[in-house]
Protein chains: 2
Amino acid sequence: MGATKTDHFTEKQNEIATFAKALGHPARIAIIEYLLKTDSCICGDIVNIIPLAQPTVSQHLKELKNAGLIKGNIEGNSICYCIDDKTWKKFEKTLGSLFIKYDLQKKCC
Amino acid sequence: MGATKTDHFTEKQNEIATFAKALGHPARIAIIEYLLKTDSCICGDIVNIIPLAQPTVSQHLKELKNAGLIKGNIEGNSICYCIDDKTWKKFEKTLGSLFIKYDLQKKCC
DNA sequence: AATCATTATCGTAATATTGCAATATACAAA
DNA sequence: TTTGTATATTGCAATATTACGATAATGATT
């Protein structure tokens with residue numbers, strides 16, 4: 001097949017998977033890291049930082065945006081991409097709960 | 001094309017992306033959640049929990065194992081899969097640093 | 001209006017992922 | 001040794017991802 005059977009899993013499981021999948025490429029990690037460490041968020045700057053062609057970077061930005069991890073605001077002639085506060089914190093919280101569960105568990109192997 | 005250009009990114013970026021990618025499927029999230037919430041870790045139990053065919057589950061287990069997130073120990077006739085303590089904590093730490101950076105940043109949009 | 005700069009989309013090729021039936025392997029028990 | 005049980009691998013089809021050149025679309029500037 002090749003299509004994920006999302007129907008068989010909970011909404012939360014699909015949600016975490018969507019976020020994780022969005023971060024599942026080094027270029028997208030690099031974009032997120034850039035947005036975290038700089039005040040600039042102009043698309044053109046991101047394209048210059050990422051060692052891939054402009055259409056490819058645009059595509060990665062789109063995926064991050066679709067996952068809700070970033071949002072784009074028109075800034076004069078260009079576009080300013082930023083971490084989406086709400087989704088990012090939601091992701092942090094959901095993932096955090098996984099790690100907390102681990103700390104509490106007794107390991108069996 | 002179709003092949004990620006890992007050479008162009010840092011080792012750390014590739015590492016985070018690998019972990020995130022491994023979690024980028026609801027079935028694999030379900031497997032991790034199961035391992036977190038139960039003492040059992042027998043492969044057969046996992047196969048019964050996940051609503052996919054046994055070979056498919058086996059493949060997902062393999063991917064989690066390749067990413068280093070889980071490990072398998074032979075337990076008599078079957079195999080016990082567990083969270084890999086070392087990698088899991090490494091992942092928690094690396095991801096955590098991303099979220100910490102966010103809390104400190106000034107948002108520009 | 002014409003031009004330039006910025007970003008998105010299209011089209012396409014290469015590769016990867018998802019899923020399962022069929023089969024193989026490995027080990028325990030009878 | 002044969003049979004059963006548990007897990008992995010193979011092979012294949014459908015779909016998704018990655019990447020980029022070419023091109024379109026948008027908005028600013030002249």
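Chain identifiers are assigned alphabetically (A, B, ...) following the order of the sequence lines, protein sequences preceding nucleic acid strands; residue numbering begins at 1 within each chain.
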Asn48(A) CG to dT6(C) P, in whole Å, measures 9 Å
Side-chain N or O of Thr56(B) closer than 4.0 Å to phosphate OP1/OP2 of dT18(C):
no
Tell me the interatomic distance from Ile49(B), atom CD1, to dT7(D), atom P, rounded to whole angstroms.
14 Å
Is there a chain of hydrophobic side chains (I, L, V, M, F, W, Y, each step under 4.5 Å between heavy atoms) that links Leu98(A) to Ile49(B)?
yes
Taken to the nearest whole Å, CD/Glu75(B) to C1'/dA6(D) is 13 Å
Any donor and acceptor pair, going by atom type alone, linking the side chain of Thr4(B) with main-chain N or O of Thr6(B) inside 3.5 Å?
no
Just N and O in the side chain of His60(A): are any of them under 4.0 Å from OP1 or OP2 of dA19(D)?
yes
Linking I/L/V/M/F/W/Y whenever their side-chain heavy atoms sit closer than 4.5 Å, directly or via other members, would Ile50(A) and Tyr34(A) fall into one cluster?
yes
Residue pair Asn77(A)/Arg28(A) against DNA chain D: nearer the 5' end by closest nucleotide is Arg28(A)
Could you check whether Gln59(B) gets within reach of a base, just the sugar-phosphate, or nothing at all, counting any heavy atom under 4.0 Å?
base
Among the nucleotides dT18(D), dA8(D), dC20(C), which one has an atom lying closest to any side-chain atom of Tyr81(B)?
dA8(D)
Could you tell me the separation between the NZ atom of Lys5(B) and the P atom of dA16(C), rounded to a whole number of Å?
14 Å
Heavy atoms only: give me the nearest Ile32(B)-Trp88(B) pair and the separation to one decimal.
CG2-CH2, 3.6 Å
Given atom CG of Asn73(B) and atom C1' of dC27(C), what is their separation to the nearest angstrom?
17 Å
Pairwise 5' ranking along DNA chain C for Ile42(A) and Thr6(A), keeping only the more 5' one
Ile42(A)
From CG of Leu52(A) over to P of dC20(D), roughly how many Å is that when rounded to an integer?
5 Å
Select one nucleotide: of dT15(D), dT18(C), dT7(C), the one nearest the side-chain heavy atoms of His25(B).
dT18(C)
Let's see if you can work this out: which of dT7(C), dA8(D), dT18(D) has an atom nearest to the side-chain heavy atoms of Ser78(A)?
dT7(C)
Would you kindly give the NZ-to-C1' distance between Lys62(B) and dA6(D), to the nearest whole Å?
17 Å
Is Gln54(B) side chain donor-acceptor paired with the dA8(D) base, going by distance under 3.5 Å alone?
yes
Does a side-chain N or O from Ser58(A) land closer than 4.0 Å to OP1 or OP2 of dA8(C), or not?
yes
Cys41(A) and its side chain to side chain contact (heavy atoms under 4.5 Å, CB included) partner, picked from Asn73(A), Ile79(A), Leu35(A):
Leu35(A)
Could you state the CG-C1' distance from Asp7(A) to dG19(C), rounded to the nearest angstrom?
14 Å
Using a 4.0 Å heavy-atom cut-off, does Lys21(B) contact any base of the nucleic acid, only the sugar-phosphate backbone, or nothing at all?
sugar-phosphate
Assign each of Pro55(B) and Thr4(B) to its nearest nucleotide of DNA chain C by heavy atoms, then name whichever residue's nucleotide is nearer the 5' end.
Thr4(B)
